[in-house]
Amino acid sequence: MSKTSIKHISEDYNLSEKELLKKIESFGIEMVDNKHLEGENLQLFIEMLNEEIREEKGNVIEVDNKITVQDLAESMGKSASEVIMKLMKMGTMATINQEISFDIASLVCAEFGFTLMRNDSSEVEELEIEALMDIEEDDEKDLVPRPPVVTVMGHVDHGKTSLLDAIRDTDVISGEAGGITQHIGASEVKINGQKIVFLDTPGHEAFTSMRARGAQVTDIAILVVAADDGIMPQTVEAINHAKAANVPIIIAINKIDKQGANPDKVKQELSEHGLLVEDWGGDVISVEVSAKKRINIEGLLEMVLLVAEVEELKANPNKRAVGTVIEAELDKGRGPVATVLVQGGTLRVGDPIVAGVASGKVRAMINYKGKRVKQAGPSTAVEILGLSEVPFGGDQFVEVPNDKTARLIAEKRQALQREEMLKASSKISLDALFAQMSEGKVKDLNIVIKADVQGSVQAVKQSLEKLSNDEVQIKVIHGGVGAITESDVLLASASNAIIIGFNVRPVSGSEQVAEKESVDIRTYTIIYKAIEDIKAAMSGMLDPEYVDEDTGKVEIRETYKISGVGTVAGCYVLSGKIMRSCKVRIVRDGIIIHEGELAALKRFKDDVKEVAQGFECGLSFVNYNDIKVGDIVEAYIVKAVERTIE
């Protein structure tokens, strides 16, 4: 151990230097220059001091919320390796700097003869934190009108992005993989001096969860339906999401310039799904537009403002900022980046915030045009930098008084999340064990998903988990944002998993590790391809189906009893052929009386491998002699047929 000053020890143990010097003298420890302890003397003094403190406290150790293995070991005067060994025996793997739950730490302390207690001040702090996270109710007099937040929904290829392009007069679609919008975007437009905020949600069914999130933070849903195509599966899903979120719907009947466009057919189909448009005596607004030809776009926006006016959308800009994370990603140069929608209060640069398990100070805010802004009021979507990690899309964010509070809340949430994961993993393994015992073998296909944004992780996870059936279970053991790293490969190796990368690539070195560990890494830019490949992998994992394939029919025309052999049948092959290796069914009066194997197949006195149609042969059966003239012998082989996932 190196030389340590009395001053440092006094700070660590919250004792004055005078008290410390008295203790050194009473313990009979030698010092260096009356100011330092070193080597064995330092180690001996620390041990004796810890022992004295333990005796004073009656073997009670007080801790805050954060308990690391090292802190716990020091509190008990034990080495970290002793504590780690105890944890391993209890079935918990932990490193020296790893945090452990209060319950696990209590058990470890009990093993060493100590009692663990929470610090009273930390409980008070927790109560204060909980109070901070409660969002105060708004007073009617503080509310001011705010712009409407609009979500554009509809079936894939029905022109959602094209419609937004027409509204924003930009061209987003050309840069999208496969021509499909795959991330939530946010933008603002102004009409008649009034602002409208647009959230662009993806159309493919795999992004159901993202679209649902979009509907929950939105005030108005624009449902895009192609005039030539009509209602499609994702259109119905979009209707259901909008209804579930209880938001008003405006129908945009797109592509009216196309040949074969039939708006009336669309209105008829909409009425079948509970949406009766105004033209037909209902209360749902419908607007016929052409995104491509820029027809009636202003009319659509005016209708949005009309609905917003009826809804009387208001918010309080003068309170702590609160809102929702729309999308989040890990940017190579900028770190965690979150697109957030401010729903109440005003968010400013420098504000400490908590978003799910992430915390931090808002370092910079970028609006939809890519320009830096200093503040964002209600109904404003901005990208924020400065978070400690990537939050989940759909997480609520709240402004808090200071950095320390933000960090404490995030740490508490992380600890809860870890505990839930530990409980879930042990619970799942027990359930799986029971299921395997009760249902026969269930095969697991473990998958690690990495994507460029959190929304894609959730979408890919949901799509793949839908493929699970009674025999093959898809288990997503980890989903994260960012490139495929060596730790992902090692996790996949330990779990016998494959890695799916969506719009990401492996970092240098991880491919070599994957090769060494025989881990399969697959990368995709379009979700359908990933689903198809997993289907193929699952098909390979399904036990083949065994089917009986008839090879021939033989009639018994004579029977002979031979001592030492049993009953032998003189037969004629009616169709196909009979082979020595095939299985047989003996049928009498249309009923199967025996299934088994051939003992011998002969032509005259010679053993043969097979006899074809139109020839005579002699047969004897394994352990069966009850055969009669006129019985039919059906010869068949058992074939293994590979099955595929539907």
* **Gap between atom CD1 of Ile191 and atom CD1 of Ile297 - 0.5 Å precision** => 10.5 Å
* Asked: What is the distance from atom NZ of Lys361 to atom CZ of Arg363, rounded to the nearest 0.5 Å?
  -> 12.0 Å
* Asked: Applying side-chain hydrogen bond (donor to acceptor under 3.5 Å, both in side chains), which residue pairs with at least one partner in residues 373-387 are found, sequence neighbours left out?
  -> Arg146-Ser379, Arg334-Glu383
* Check Leu276, Val277, Leu300 against Ser286 for a side-chain contact (heavy atoms from CB on, under 4.5 Å) and give me the one that passes. => Val277
* Could you point out which residue of Ile249, Val284, Ile251 forms a side-chain contact (heavy atoms from CB on, under 4.5 Å) with Leu270? => Ile251
* **Thr68 and Ile100, any side-chain heavy atoms less than 4.5 Å apart** => no
* Please name the pair of heavy atoms, one in Ala483 and one in Val507, separated by the smallest distance, quoted to 0.1 Å. => CB-CG1, 3.4 Å
* **Student check: side-chain heavy atoms of Val289 and Ile295 closer than 4.5 Å** => no
* Identified side-chain contact (heavy atoms from CB on, under 4.5 Å) counterpart of Val150 within the set Val189, Val197, Asp219, Ile220 -> Ile220
* Asked: Can you tell me how far CZ of Phe392 sits from CD of Glu327, rounded to the nearest 0.5 angstrom?
  -> 12.0 Å
* Asked: Once you round to the nearest 0.5 Å, how far does CG of Asn254 lie from OG of Ser162?
  -> 7.0 Å
* Asked: Under the side chain to side chain contact (heavy atoms under 4.5 Å, CB included) criterion, do Ile499 and Val489 qualify, and how do the steps go?
  -> CA-CA 8 Å; Ile499 298 174; Val489 174; 4.0 Å; yes
* Might you confirm whether atom NZ of Lys529 has over 12 heavy atoms from other residues, nucleotides or ligands at distances under 6.0 Å? => no
* **Side chain proximity check, Leu385 to Val337, heavy atoms < 4.5 angstrom** => yes
* Is it the case that more than 12 heavy atoms not belonging to Glu309 sit under 6.0 Å from its CD atom? -> no
* To do: Provide the closest heavy-atom pair for Val287 versus Gly299 in the form atom of the first, atom of the second, distance.
  => CG1-C, 4.4 Å
* Asked: Hey, is CD on Glu298 packed in by over 12 heavy atoms from elsewhere, all under 6.0 Å?
  -> no
* With side chains defined as the heavy atoms from C-beta onward, is the minimum distance between Ile449 and Leu464 less than 4.5 Å? -> yes
* **Worked verdict on Val400 versus Ile409 for side chain to side chain contact (heavy atoms under 4.5 Å, CB included)** => CA-CA 10 Å; Val400 290; Ile409 296 169; 3.9 Å; yes
* Separation between NZ of Lys267 and CD of Glu288, rounded to the nearest 0.5 Å -> 4.5 Å
* Go through Val453 and Ser456 one step at a time and tell me if the side chain to side chain contact (heavy atoms under 4.5 Å, CB included) criterion holds. => CA-CA 6 Å; Val453 293; Ser456 297; 3.3 Å; yes
* To do: Kindly indicate whether the side chain of Glu399, heavy atoms from C-beta on, has any atom under 4.5 Å from the side chain of Val322.
  => no
Expected list for residues 346-357: side-chain donor-acceptor pairs under 3.5 angstrom, two or more places apart:
{"unit_1": "Thr346", "atom_1": "OG1", "unit_2": "Pro317", "atom_2": "O", "d": "2.7"}
{"unit_1": "Asp351", "atom_1": "OD2", "unit_2": "Arg348", "atom_2": "N", "d": "2.8"}

* Smallest separation among heavy atoms of Gly480 and Val457, with atom names -> O-CG2, 3.4 Å
* Counting distance only, does the side-chain N/O of Ser359 pair as donor-acceptor with the main-chain N or O of Ala410 below 3.5 Å? -> no
* To do: Drop me the distance from Phe397's CZ to Leu341's CG, to the nearest 0.5 angstrom.
  => 8.0 Å
* Asked: When you look at CG of Asp283, are more than 12 heavy atoms from neighbouring residues, nucleotides or ligands closer to it than 6.0 Å?
  -> no
* Structure fact -> In terms of heavy-atom contacts, Thr485 and Asp488 come closest through N-OD2, 2.9 Å
* **Note, Val504 side chain near Ile484 side chain (heavy atom, < 4.5 Å)** => yes
* Ser510 (side chain) donor-acceptor with Pro506 (main chain) under 3.5 angstrom -> no
* Asked: How about Glu272: does its CD atom have over 12 heavy atoms from other parts shown lying under 6.0 Å from it?
  -> yes
* To do: Indicate yes or no for a side-chain donor-acceptor contact from Asp257 to the backbone of Ser290 under 3.5 Å, with no hydrogens or angles considered.
  => no
* Would you call Leu223 and Ile250 a side-chain contact if the rule is heavy atoms closer than 4.5 Å? -> no
* Structure fact -> Smallest heavy-atom separation, Lys255 atom then Ala226 atom, equals CD-CB, 3.9 Å
* Could you check if a side-chain atom of Ile531 sits within less than 4.5 angstrom of a side-chain atom of Leu467, using non-hydrogen atoms only? => yes
* Is there a donor-acceptor contact under 3.5 Å from the side chain of Thr218 to the main chain of Val149? -> yes
* **Minimum-distance pair of heavy atoms, taken over all atoms of Val382 and Asn367** => CG1-CA, 4.2 Å
* Just do the side chain to side chain contact (heavy atoms under 4.5 Å, CB included) check on Val340 and Ile326 with the steps written out, would you? => CA-CA 5 Å; Val340 300; Ile326 301 297; 6.0 Å; no
